[in-house]
Amino acid sequence: MSNTLECITEWIGRQRWYAGKGHVPRLRELSRQTIDTDDPDATISVILLMDDAGHVPTLYQVPVVERSVLQPAERPNLVGQNDDGLFVIDGPHDPAYTRALMRLLAPDLDPATITATRVLSAEQSNTSVIVDIDGVPTIICKVFRALHHGENPDVTLQAALSAAGSTAVPRFIGQLSSEWDDVGRPGGRATGNVAFAQEFLDGAQDGWKVALEYAADGRDFTELAAALGRQTAEVHETLARALPTNDTSPADIAAVEVSWKRRLMLAEREVPTLMESREAIEAVYAAAAECDWPRLQRIHGDYHLGQALLVPERGWVLVDFEGEPLRPMDERDRPDVALRDVAGMLRSFDYAAGATDGWPTDWARASRDAFFEGYVSASGVDPRGFSALLDAFELDKAVYEAIYESRNRPDWLGIPLRGIAQLLAQRADVTLDR
Ligand SMILES: Nc1ncnc2c1ncn2[C@@H]1O[C@H](COP(=O)(O)OP(=O)(O)O)[C@@H](O)[C@H]1O
Ligand SMILES: O=P(O)(O)O[C@H]1O[C@H](CO)[C@@H](O[C@H]2O[C@H](CO)[C@@H](O)[C@H](O)[C@H]2O)[C@H](O)[C@H]1O
């Protein structure tokens, strides 16, 4: 037995959302808040923990429920047993926590109508809980794991799209923020979003799984890809109307170029073979920095097929506007280039082909073209008109994916590496043709 903090330290490294893979966690408790519950055997604590083990300290939200009796069904979600003999359970898996959270996120909801709560089983960066109302899955609550000062773009963007009447995102229900000590900020306090709730889309299919099935069966995905292109353009257009935009200054361009190069340097440390392509990749970045850039606006930021849900009678609905988990929050929380999203989705078609036996490149190419056509038809803007810039964003995404795969799924590292090689070969062909 050990104290609750020791139990969490031993457990946290195994969680999918723990970003410090490869480090032994070094946790420091910043705050512990007790939440009221009507369950007499449960004590709910929301603990904010700073992990000092990595290069950059990371703040995590760990809600736990302490109980004197452990039900067999709770065993897989046991964090540990503390010095007082209490069983410490991962909060989102315990109904006492999720019911208490719902009271805060949706105060108008009658708690008696909540009939069940369960954690979404997919591997995730955060933890989402599905809430049944009168026996029907109705609400999904996302509990953010890594916390940041300032608004979380997932909340800001989905709330803004929903308020603008867009049905391209789930209806927004409510959000919760929290404060914690931060000596680096004026007043010594930081504040950020810790959870939010939105409409649960029953029967939604994950776009990644749909695409994989199509690719594996050699089925034509172009109609769905074109619809996705149209929905993407519509979301970009609504975001540009609902939230601030700005002209692109030379300083903005320089900052993006620096971030591309910084990421490449980081990737080379983790995937040394990338060093062989550095010169060619940097040449693409340099060419992109020289061309015309569109206006900056808020974007999805980590756009791929897994962020698009195919909903019966509604079509594509987009989720998870939090941006890339490996990118600093201050970079994700401001206007950016919409082509970054287009590039993300192009990479995803390549991924679906790469994860399929025989690597059907024609399938990926047809899906890309259809996506472009859909995007143009809804917006009048053809991303292919910014080819140097689009290539740079695609390369940057593939470099990001190389880091992501080497840390999380080394068996898949070949997918982004081949993507990088292909992009560079295509650019070399274009240059030779000139
Ligand atoms: N509103 C929703 N309705 C139904 N399923 C959803 C909804 N939002 C998310 N999901 C499911 O949860 C998965 C993870 O959600 P996401 O927002 O991507 O979480 P994370 O930030 O943890 O990556 C999605 O891929 C989808 O399968
Ligand atoms: O969904 P998250 O916000 O957690 O995104 C991260 O994980 C994704 C993998 O789940 C990763 O996406 C990469 O793999 C996908 C297939 O699993 C593929 O469709 C994407 O194109 C590819 O980028 C994403 O990059 C990462 O941020």
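Counting starts at 1 for both ligands and their atoms, in listed order. Nothing here was measured: the structure is a model prediction, and the numbers come from that model. One is the number of the first residue; the rest follow in order along the sequence.
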Does the residue [X] have a heavy-atom contact with ligand 2, meaning some pair of atoms that are separated by less than 4.0 Å?
X: Arg409; value: yes
X: Arg16; value: yes
X: Gln307; value: yes
X: Glu324; value: no

Review point. Is any N or O atom of Ser125, backbone or side chain, closer than 3.5 Å to an N or O atom of ligand 2?
Key: yes

Check your understanding: Ring centres of Phe393 and Trp260 under 6.0 Å apart?
Key -> yes

Exercise for review: Between Ala204 and ligand 1, find which residue part has any heavy-atom pair under 4.0 Å and reply side chain, backbone, both or neither.
Suggested key: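 Looking at Ala204 and ligand 1, no heavy atom falls under 4.0 Å.
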
**Study point:** Within reach of ligand 1, part of Ile140 (heavy-atom separation under 4.0 Å)
**Key:**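 Within the 4.0 Å criterion, Ile140 contacts ligand 1 through side-chain atoms alone.
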
Run down the list [options] and name the one with the heavy atom closest to [atom].
atom: atom 13 (C) of ligand 1; options: Asp202, Asn152, Leu305, Leu120; result: Leu120
atom: atom 26 (C) of ligand 2; options: Phe321, Phe349, Tyr400, Tyr351; result: Tyr400
atom: atom 27 (O) of ligand 1; options: Leu318, Leu309, Val169, Leu201; result: Leu309

Practice item. Begin with the C-alpha distance, continue with both residues' side-chain angles, and end with the deciding distance and a verdict on salt bridge (charged side-chain N to carboxylate O under 4.0 Å, His left out) for Glu257 and Arg262. Key: CA-CA 9 Å; Glu257 201 184 357; Arg262 201 185 312 124; over 6 Å; no

Check your understanding: Does ligand 1 have any atom that is closer than 4.0 Å to a heavy atom of Ser125?
Key -> yes

Practice item. Examine ligand 1 and decide if any of its atoms is less than 4.0 Å from a heavy atom belonging to Gly306. Key: yes

Check your understanding: Under 4.0 Å from any heavy atom of Ser348, which atoms of ligand 2 are there?
Key -> 18 (C), 19 (O), 20 (C), 21 (O)

Point to revise | Atoms of ligand 2, numbered as shown, that sit under 4.0 Å from any heavy atom of Asp320 | key: 1 (O), 3 (O)

Review point. Do NZ/NE/NH1/NH2 and the carboxylate oxygens of Arg278 and Glu268 come within less than 4.0 Å?
Key: yes

Exercise for review: Measure from NZ or CZ of Arg219 to the centre of the six-membered ring of Tyr214 and say whether it is under 6.0 Å with the direction within 45° of the ring axis.
Suggested key: yes

